[in-house]
J.: 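Quick one: this structure, given as structure tokens, is what I'll be asking you about.
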Amino acid sequence: MKIDDVMDVALRRGFIFPASEIYGGVSGFWEYGHLGTMVKRKWEDAWRRHFLKLDPNFYEISTTNIMPKAVFEGSGHLENFNDPLTSCKKCNQRFRADDIIAESTGKNAEDLTAEEMTDLIISGKIQCPKCKGALGEVNWFNMMFRLDIGASGGTTGYLRPETAQGSFISFKRMFEVLRNRLPIGLAIIGRVYRNEISPRQGFFRLREFNQAELQIFFDPDKFEEHEDWESVKDVKLRLKPLDTDDIIEMSCESFSDTYGIGKFYVYYMARTQEFYLEKLGLSRDMFRFRELSEKEKAFYNKVHWDVEVFMETLGGYKEVGGIHYRTDHDLSGHQAISKQKMQVNIDGKKFIPHVLELSFGVDRNFWTLLDVSYDKEDERTVFRFKPPMAPKTVAVFPLLNKPELISKAKEIYDLLSMVMETDYDKGGSIGRRYRRQDEIGTPYCITVDFDTLEKGTVTLRDRDTMNQDRIPVDSVLQEIVTRISS
RNA sequence: GCGGCUAUAGUCUAGUGGUAGGACGGAGGCUUCCCAAGCCUUUAGCGCGGGUUCGAAUCCCGCUAGCCGCACCA
């Protein structure tokens with residue numbers, strides 16, 4: 001199984017490993033080692049460079065991980081991020097109480113309290129669908145981690161389940177700071193927390209993870225347009241709509257027309273696809289947007305297509321991001337609870353801005369890079385990261401363990417390490433050292449030999465072709481920079 | 001959370017009640033002008049806790065974690 005092979009390298013070389021391992025670990029929590037941290041950082045940097053450049057009015061902010069309860073009343077998470085659960089007293093199976101009630105009585109139980117649902121189950125003599133046993137009382141299970149802020153009896157807080165709320169609660173001030181213009185974009189890259197009942201799938205479903213989200217605040221009357229539309233209108237999107245089981249390709253123009261989705265939304269689909277195919281280097285047939293059904297859609301979304309990548313390690317297309325038209329759900333919610341006006345006044349028109357959210361799971365994207373880059377050949381294992389994503393860009397070796405070669409190699413290492421991630425290795429045969437670098441995906445290796453001392457040249461070895469070029473020491477830096485950017 | 005299976009060096013693995021062994025990897029050295037070569041030295045392990053027993057990696061119980069199915073995934 002490929003997942004075992006990838007996980008083997010990931011553990012052995014220091015990409016990721018289970019959290020709190022020495023105490024037995026806790027399900028759903030993972031640590032990043034030195035190489036994983038670097039790949040994650042490089043993905044995040046690429047994300048920033050791509051998405052924050054899409055509009056001069058897009059910015060990154062940094063907000064708290066802990067927020068008071070009221071924030072999640074405003075966002076709707078306290079109400080919607082909760083599942084009412086009941087379990088069978090006989091076979092211990094757990095069920096969603098509202099589903100059980102709906103199935104058995106046809107009543108919509110979504111807005112009922114736990115007590116009301118318990119009463120309905122008792123009065124309706126609703127039994128366990130599996131074993132016909134009696135069902136116990138209904139309890140709410142909240143996916144958010146609750147905390148006490150301050151000494152006992154203080155304020156109740158929650159760890160944020162998404163970074164987005166940081167942008168919404170900062171909107172009023174940031175809109176003012178950014179001189180009252182729309183659209184504005186507020187991006188946050190950071191940790192989020194969800195108390196999953198049962199996280200599985202290795203690294204894919206986590207209880208603490210990282211998101212990169214960009215909230216774009218705009219005038220809803222302008223949902224049907226985008227000022228840069230011309231540059232994307234002929235771009236072919238890869239789509240998996242609800243009305244077909246196939247992946248289809250359609251230009252932005254005809255997609256917007258056919259499915260009646262505003263150009264403002266479709267524009268960012270095109271830019272997202274561009275990020276995956278061009279910046280991250282994924283092959284086209286691994287990528288698609290999938291339309292979500294009403295049932296699958298998050299409670300706050302009006303239009304929702306997920307970004308999916310085909311991953312062999314996980315056996316199919318998996319969600320790595322989503323493009324969410326959240327409307328004014330969040331700002332209106334916060335206005336209602338906080339009593340602060342979220343409405344803006346632009347050229348005399350007063351309205352609450354709508355939000356288009358570009359949301360990405362950083363850790364899932366990190367795993368995607370491992371999945372799609374992993375390659376096992378007869379003689380070697382290699383991560384074919386696109387060079388800007390590789391944890392190390394270059395490694396420098398003295399060909400032999402001789403003082404004069406070592407000192408020259410160190411000199412080159414010192415130079416390169418000032419501007420790029422550089423490794424230095426003198427241990428073992430030269431072939432072994434190349435393989436070590438292949439295994440962590442280092443695109444280039446520089447070897448110092450006796451010609452370096454005599455003629456001032458080194459060999460530059462390419463990860464993918466294993467070819468070597470002899471180049472002057474003086475041009476090493478420039479040559480690598482040129483190759484990375486090509 | 002339920003049911004089933006599982007847990008031995010960093011990784012993979014042998015070990016069914018009596019001295020934990022190997023492969024690969026790592027470190028140090030010798031050798032070596034370019035793709036996991038060879039030789040020497042070395043490193044490192046029975047998930048955690050309890051029980052049975054003269055004696056437990058091995059049998060029993062609990063916990064934790066992983067895998068598979070069910071449920072869950074806003």
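Each chain gets a letter, A, B and so on, in the order its sequence line appears, and its residues count up from 1.
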J.: Report, one pair per line, the protein and nucleotides 26-28 of chain B atoms (nitrogen or oxygen only) whose separation is under 3.5 Å.
T.:
unit_1, atom_1, unit_2, atom_2, d
B/G26, OP1, A/Arg436, NE, 2.6
B/G26, OP1, A/Arg436, NH2, 2.9
B/G26, OP2, A/Arg432, NH1, 3.2

J.: CG of A/Asp4 versus P of B/C24: gap in Å, rounded?
T.: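 These atoms are roughly 22 Å apart.
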
J.: For RNA chain B, produce a single dot-bracket line, 5' to 3'. Pairs: Watson-Crick or G-U wobble, both distances under 3.5 Å. Symbols: ( ) within strand, [ ] crossing, | other strand, . unpaired.
T.: (((((((..((((....[..))))((((((.......))))))...(((((..]....))))))))))))....

J.: Taking side chain to side chain donor-acceptor pair (under 3.5 Å) as the test, write out the residues that go with A/Glu60, two or more places apart.
T.: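 For A/Glu60, the residues satisfying side chain to side chain donor-acceptor pair (under 3.5 Å) (neighbours in sequence not counted) are A/Arg48.
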
J.: Report the distance from atom CZ of A/Arg205 to atom C1' of B/G1, rounded to the nearest whole Å.
T.: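 So the two atoms are 12 Å apart, to the nearest Å.
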
J.: Taking only the C1' atom of each, what is the distance from B/G17 to B/G22 in whole angstrom?
T.: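 So the two C1' atoms sit 23 Å from each other.
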
J.: In this structure, is the centre-to-centre distance between the rings of A/Tyr325 and A/His354 below 6.0 Å?
T.: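 Centroid separation for A/His354 and A/Tyr325: below 6.0 Å.
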
J.: Would you state whether a donor and an acceptor, one from the side chain of A/Thr459 and one from the base of B/C34, lie under 3.5 Å apart?
T.: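 Such a pair is found, so the answer is yes.
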
J.: Select one nucleotide: of B/A36, B/G1, B/C34, the one nearest the side-chain heavy atoms of A/Glu439.
T.: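 Nearest listed nucleotide: B/A36.
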
J.: Using whole Å, what does the distance between atom P of nucleotide B/G66 and atom CZ of A/Phe203 come to?
T.: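 The distance from CZ of A/Phe203 to P of B/G66 comes to 13 Å, rounded to the nearest Å.
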
J.: Enumerate, atom names and distances included, each donor-acceptor pair closer than 3.5 Å involving a side-chain atom of residues 380-392 of chain A, sequence neighbours excluded.
T.:
unit_1, atom_1, unit_2, atom_2, d
A/Arg380, NE, A/Glu377, OE1, 2.8
A/Arg380, NH1, A/Asp438, OD1, 3.2
A/Arg380, NH1, A/Asp438, OD2, 2.9
A/Arg380, NH1, A/Arg463, O, 2.9
A/Arg380, NH2, A/Arg463, O, 3.0
A/Arg384, NE, A/Asp375, OD2, 2.9
A/Arg384, NH1, A/Asp464, OD1, 3.0
A/Arg384, NH2, A/Asp375, OD2, 3.1
A/Arg384, NH2, A/Glu377, OE2, 2.5

J.: Whole angstrom is fine here: how far is it from CG in A/Asn195 over to C1' in B/G1?
T.: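 Going from CG in A/Asn195 over to C1' in B/G1 covers 12 Å.
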
J.: Mapping A/Glu162 and A/Glu379 onto RNA chain B by nearest heavy atom, which one lands closer to the 5' end?
T.: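 This one resolves to A/Glu379.
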
J.: Indicate, with a heavy-atom threshold strictly under 4.0 Å, whether A/Gly76 touches base, sugar-phosphate, or nothing.
T.: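 Nothing, no nucleic acid heavy atom in range.
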
J.: Any salt bridge linking A/Arg483 with A/Glu479? Criterion: basic side-chain nitrogen under 4.0 Å from a carboxylate oxygen.
T.: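 A salt bridge links A/Arg483 with A/Glu479.
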
J.: Using the C1' atoms only, state how far B/A9 lies from B/C46, rounded to an integer number of Å.
T.: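 Looking at atom C1' only, B/C46 and B/A9 are 10 Å apart.
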
J.: Hey, would you say the A/Phe15 and A/Tyr32 ring centroids sit under 6.0 Å apart?
T.: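 Not under 6.0 Å, so no.
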
J.: Please check if the distance between the ring centroids of A/Phe218 and A/Phe264 is under 6.0 Å.
T.: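 Yes.
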
J.: Starting at atom CZ of A/Arg433, determine the distance to atom C1' of B/A37, rounded to an integer number of angstrom.
T.: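 In whole Å, B/A37 C1' lies 14 Å from A/Arg433 CZ.
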
J.: What's the closest nucleotide to the A/Leu400 side chain, out of B/C33, B/G1, B/C34?
T.: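 Between B/C33, B/G1, B/C34, the one nearest the side chain of A/Leu400 would be B/C33.
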
J.: Taking only residues two or more places apart in sequence, or in another chain, which ones meet A/Ser417 in a side-chain contact (heavy atoms from CB on, under 4.5 Å)?
T.: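 Listed in chain order: A/Tyr413, A/Thr422.
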
J.: Quantified in whole Å, what is the C1' atom distance between nucleotide B/G1 and nucleotide B/C59?
T.: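 These two C1' atoms come out 29 Å apart once rounded.
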
J.: Quick one: A/Ile440 CD1 to B/G25 C1', roughly how many Å, whole number?
T.: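 A/Ile440 atom CD1 is separated from B/G25 atom C1' by 15 Å.
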
J.: Hey, are A/Glu308 and A/Arg364 close enough for a salt bridge, meaning a charged N less than 4.0 Å from a carboxylate O?
T.: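 Salt bridge between A/Glu308 and A/Arg364, a charged N being under 4.0 Å from a carboxylate O: no.
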
J.: I'd like the P distance from B/G15 over to B/C73, given in whole Å.
T.: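 43 Å, rounded to whole Å.
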
J.: Nearest whole angstrom, please: distance from the C1' of B/C73 to the CG of A/Asn301.
T.: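 That distance rounds to 15 Å.
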
J.: Do the ring centers of A/Phe360 and A/Phe51 come within less than 6.0 Å of each other?
T.: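 Yes, they do, as the ring centres are separated by less than 6.0 Å.
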
J.: Test of understanding: with side-chain contact (heavy atoms from CB on, under 4.5 Å), list the residues that count as partners of A/Leu147, not counting sequence neighbours.
T.: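 side-chain contact (heavy atoms from CB on, under 4.5 Å) check on A/Leu147 returns A/Ile66, A/Leu159.
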
J.: Please report the distance, rounded to the nearest Å, between CG in A/Leu405 and C1' in B/C33.
T.: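 Distance, rounded to whole Å: 9 Å.
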
J.: Distance check: side-chain N/O of A/Ser429 vs OP1/OP2 of B/U32, anything under 4.0 Å?
T.: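 Answer no for this pair, as no side-chain N or O of A/Ser429 is under 4.0 Å from OP1 or OP2.
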
J.: For nucleotides 10-14 of chain B, print each protein N/O atom paired with a nucleotide N/O atom at under 3.5 Å, atom names and distance only.
T.:
unit_1, atom_1, unit_2, atom_2, d
B/U11, O2', A/Asp8, OD1, 2.4

J.: Find the distance between NE2 (A/His304) and CD (A/Glu294) and round it off to the nearest 0.5 Å.
T.: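 Answer rounded to 0.5 Å: 11.5 Å.
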
J.: Got a sec, which residues hit side chain to side chain donor-acceptor pair (under 3.5 Å) with A/Arg238, two or more places apart in sequence or on another chain?
T.: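 Checked A/Arg238 against side chain to side chain donor-acceptor pair (under 3.5 Å); matches are A/Glu249.
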
J.: Using atom C1' in both nucleotides, what's the gap between B/C39 and B/G45 to the nearest angstrom?
T.: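 Looking at atom C1' only, B/C39 and B/G45 are 27 Å apart.
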
J.: So which nucleotide from B/A36, B/C72, B/C33 ends up closest to the side chain of A/Ile197?
T.: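 Closest of the options to the side chain of A/Ile197: B/C72.
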
J.: Looking at the base of B/C35, is there any donor atom on it, or on the side chain of A/Arg380, that sits under 3.5 Å from an acceptor on the other one?
T.: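 No.
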
J.: Run the side-chain contact (heavy atoms from CB on, under 4.5 Å) test against A/Leu242 and tell me which residues pass, sequence neighbours left out.
T.: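 side-chain contact (heavy atoms from CB on, under 4.5 Å) check on A/Leu242 returns A/Glu291, A/Ser293.
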
J.: Restricting to nitrogen or oxygen on both sides, can you table the protein-nucleotides 62-65 of chain B pairs closer than 3.5 Å?
T.:
unit_1, atom_1, unit_2, atom_2, d
B/U64, O2', A/Gly24, O, 3.2
B/U64, O2', A/Gly25, O, 3.3
B/A65, OP1, A/Ser27, N, 3.1
B/A65, O4', A/Gly24, O, 3.3

J.: Enumerate the ring-ring contact (aromatic ring centres under 6.0 Å, His included) contacts for residues 431-451 of chain A, please, sequence neighbours excluded, ordered by first and then second residue.
T.: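 Pairs touching residues 431-451 of chain A that pass the test: A/Phe397-A/Tyr434.
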
J.: Quick one about A/His77 and A/Ser75 (side-chain donor to acceptor, distance below 3.5 Å, no hydrogens or angles considered), yes or no?
T.: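 Yes, because at least one side-chain N or O of A/Ser75 sits under 3.5 Å from a partner of the opposite role on A/His77.
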
J.: What residues, two or more places apart in sequence or in another chain, satisfy side-chain contact (heavy atoms from CB on, under 4.5 Å) together with A/Leu11?
T.: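 A/Leu11: side-chain contact (heavy atoms from CB on, under 4.5 Å) contacts with A/Met7, A/Phe17, A/Pro18.
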
J.: Considering every strand and a 4.0 Å limit on heavy-atom distances, what is the contact class for A/Gln468: base, sugar-phosphate, or nothing?
T.: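 Base, at least one base heavy atom under 4.0 Å.
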
J.: Go through B/G1, B/U32, B/C35 for me and flag the one nearest to the A/Tyr434 side chain.
T.: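 Comparing B/G1, B/U32, B/C35 against the side chain of A/Tyr434, the answer is B/C35.
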
J.: Touch check for A/Asn401, heavy atoms < 4.0 angstrom, all strands: base, sugar-phosphate only, or nothing?
T.: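 Base contact - A/Asn401 has a heavy atom under 4.0 Å of at least one base atom.
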
